[in-house]
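Keep in mind the model is a prediction, meaning the values are calculated, not measured.
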Amino acid sequence: MNNLSPNSPVRLDLGERSYDIHVGSGLLARAGQLIRPLIKMPHLFVVADEKVAELHHEGLAASLDAAGIGHDLYRVPQGEGSKSFARLEHLMSAILDTRPERNTTLLAFGGGVVGDLTGFAAAILLRGVPFIQIPTTLLSQVDSSVGGKTGINMAQGKNLVGAFHQPRLVLADIDLLSTLPRREMNSGYAEVAKYGLIDDPAFFAWLEANGPSLLEGDREARAYAVRHSCHAKARIVAGDEREAGNRALLNLGHTFGHALEAETGFSTRLHHGEAVALGCLMAFDLSVRMGICPADDLARARAHFQACGMPVRLPAIEGGWRVERFFEHFTHDKKVDQGRLTFILARGIGQSFVSRDVPQETLRAVLKDWAEALP
Ligand SMILES: NC(=O)c1ccc[n+]([C@@H]2O[C@H](COP(=O)([O-])OP(=O)(O)OC[C@H]3O[C@@H](n4cnc5c(N)ncnc54)[C@H](O)[C@@H]3O)[C@@H](O)[C@H]2O)c1
């Protein structure tokens, strides 16, 4: 049973693939000690975001050394572009040069990009080796490091090549967030707010009261929100590991969001979390226009995102946003089922559900209005 006491880890119950998610302060210093009992050989292959390595490798190395764990270090260039076949091949080759064995454990040290890339490498290296996550962005602490989805992007769209591969341990040290740029904090915050919008109206209300101070640096609020989010994700994943049902709710805002990211070329123009924030508002707008969600709930979500400094309109792009391009991206979405588009809609804040019955005219009208609204 999971619990929310601040000192015990959140447990993701998946039978023999179960693992602990530790959330709190000072975890990097305890990493070696927490990892040592889980690995057969006292050695790790660390895959680190280059910026994170620059800022925090020393701390990680000291902790691993103190626990008698040796390690290799591979630095991944910053940015979404590293979730590619080219980077994967380079990484695999670097690992193979160290003559890995079935028990060789990879450690992902960075945000969602490094976590998804490393997890996928672990899933396919020697047909599967263990891996551990030390997520360093808010987004990766509350979402991508938990649940075992790994993968890379293709020209056709996001995360189209990948595997389910669960980590053995997740260490979410909230102290690492102190070096994270504000825009990245905001981006991750979209995934935090998403848990409230999906099925937890009380958490959304807590965020309305505490979100701005959390973003400003309130450590207690950060720890609470990360812990609460991991607990929410663990609960949903434990009930549906392979996304046959309710796990799809975690994709709230993502069908729209992935299309926005594809149109902006997976660039810094629009970060993943920003695209998700806009996507959540678009999903609520669609729900309102379908007559199933009160307009007040859309207004509340928009006001909260705005108060937290998140985008609430699409950014201007060269050539403008085109409705047809959205539909092209939607058809590449992994959630297409027998040609039918799948959307996560809402009957209100905290009342999301999966729908395959979205009227095309209403969807088109929503896209047109968002495309034409000036930033
Ligand atoms: N697997 C999943 O379930 C899942 C879920 C959600 C998102 N994702 C994926 O996650 C990715 C986005 O992850 P992200 O937002 O963490 O982006 P990211 O990994 O690109 O990190 C964002 C930026 O922050 C920097 N950074 C990271 N940690 C830092 C720190 N502590 N201090 C200073 N700078 C730091 C990085 O260098 C990078 O420039 C997307 O590819 C998305 O598809 C996966």
Side-chain angles (χ1 to χ4, degrees), residues 153-160 187 190-191 193-194 197-198 243 248-267 269-306 310-375:
N153 304 325
M154 297 291 290
Q156 288 84 348
K158 289 245 334 162
N159 304 327
L160 292 180
S187 184
E191 305 277 12
K194 187 187 76 179
L197 295 174
I198 290 174
E243 202 169 301
L249 294 176
L250 294 169
N251 296 325
L252 174 64
H254 283 62
T255 301
F256 290 110
H258 285 169
L260 298 175
E261 280 186 278
E263 275 299 271
T264 45
F266 302 115
S267 68
R269 189 84 195 79
L270 197 63
H271 288 184
H272 175 73
E274 293 168 345
V276 169
L278 289 163
C280 285
L281 296 180
M282 292 169 89
F284 266 72
D285 192 5
L286 179 58
S287 308
V288 169
R289 294 198 212 194
M290 285 171 65
I292 54 176
C293 176
D296 279 356
D297 284 25
L298 166 62
R300 218 177 123 193
R302 192 192 299 268
H304 179 53
F305 284 5
Q306 203 151 20
M310 318 239 280
V312 293
R313 285 186 201 290
L314 305 192
I317 56 167
E318 212 178 313
W321 296 92
R322 282 178 294 143
V323 171
E324 285 319 313
R325 297 279 298 160
F326 276 97
F327 278 95
E328 281 168 35
H329 293 302
F330 291 162
T331 54
H332 280 302
D333 197 274
K334 292 189 295 308
K335 296 174 284 300
V336 172
D337 180 7
Q338 297 172 60
R340 282 187 308 172
L341 302 180
T342 305
F343 284 90
I344 312 304
L345 301 179
R347 295 192 180 88
I349 285 173
Q351 300 174 61
S352 295
F353 66 99
V354 181
S355 169
R356 292 187 183 79
D357 299 309
V358 170
Q360 296 263 326
E361 328 71 78
T362 318
L363 176 59
R364 207 167 273 281
V366 169
L367 293 170
K368 186 169 175 296
D369 286 354
W370 278 81
E372 289 173 1
L374 292 175

Sorted by chain and residue number, the salt bridge (charged side-chain N to carboxylate O under 4.0 Å, His left out) partners of Arg322 (sequence neighbours excluded) come out as none

Can you list the steps and then say if Ile198 with Leu250 is a side chain to side chain contact (heavy atoms under 4.5 Å, CB included)? CA-CA 7 Å; Ile198 290 174; Leu250 294 169; 4.1 Å; yes

Check whether any side-chain heavy atom of Arg340 sits under 4.5 Å from a side-chain heavy atom of Asp357, and report yes or no. yes

Going from NE2 on His272 to CG on Asn159, what distance comes out if it is rounded to the nearest 0.5 angstrom? 7.5 Å

Residue list, salt bridge (charged side-chain N to carboxylate O under 4.0 Å, His left out) with Glu324, at least two apart or on another chain: Arg364

Residues in side-chain hydrogen bond (donor to acceptor under 3.5 Å, both in side chains) with His258, at least two apart? none

With no hydrogens and no angle check, just 3.5 Å: does a side-chain donor-acceptor pair link Asn251 and Glu243? yes

Show, in sequence, the C-alpha distance, side-chain angles and deciding distance for Trp321 and Leu367, and conclude whether the side chain to side chain contact (heavy atoms under 4.5 Å, CB included) test is met. CA-CA 9 Å; Trp321 296 92; Leu367 293 170; over 6 Å; no

Please report the shortest heavy-atom distance between Ala346 and Ser287, naming the atom on each side. N-OG, 3.0 Å

Kindly compute the distance separating CD (Gln360) from CG (Leu341), expressed to the nearest 0.5 Å. 6.0 Å

Closest contact, heavy atoms only, Ile349 versus Ala301: CD1-N, 4.4 Å

Smallest heavy-atom separation, Ser352 atom then Ile344 atom, equals CB-CG2, 4.0 Å

For Phe284 and Cys293, which heavy atoms make the closest approach, and how far apart are they? CD2-SG, 3.9 Å

What heavy-atom pair brings Phe305 and Ala277 nearest, and what distance separates the two atoms? CE2-O, 3.4 Å

How long is the gap from CG on Leu345 to CZ on Arg356, to the nearest 0.5 Å? 11.0 Å

Spacing of CG belonging to Leu286 relative to OG belonging to Ser355, to within rounding of 0.5 Å: 8.0 Å

Tell me every residue that passes salt bridge (charged side-chain N to carboxylate O under 4.0 Å, His left out) with Arg289, counting only those two or more places apart in sequence or in another chain. Asp285, Asp369

Backbone of Ala316 reached by a side-chain donor or acceptor of Arg269 within 3.5 Å: yes

Salt bridge (Lys or Arg N to Asp or Glu O under 4.0 Å) partners of residues 249-266, not counting sequence neighbours, each pair once: Lys158-Glu261, Glu263-Arg325

Keeping His254 on the side-chain end and Leu252 on the backbone end, is there a donor-acceptor pair under 3.5 Å? yes

If you round to the nearest 0.5 Å, how far is CG of Leu298 from CZ of Arg300? 12.0 Å

Roughly how far, to the nearest 0.5 Å, is CZ of Arg313 from CG of Leu278? 10.5 Å

Can you run down the ring-ring contact (aromatic ring centres under 6.0 Å, His included) pairs that involve residues 333-368, sequence neighbours left out, and say none if there aren't any? Phe256-Phe343, Phe330-Phe343

For the student: nearest non-hydrogen atoms of Trp370 and Val312, plus distance: CZ3-O, 3.4 Å

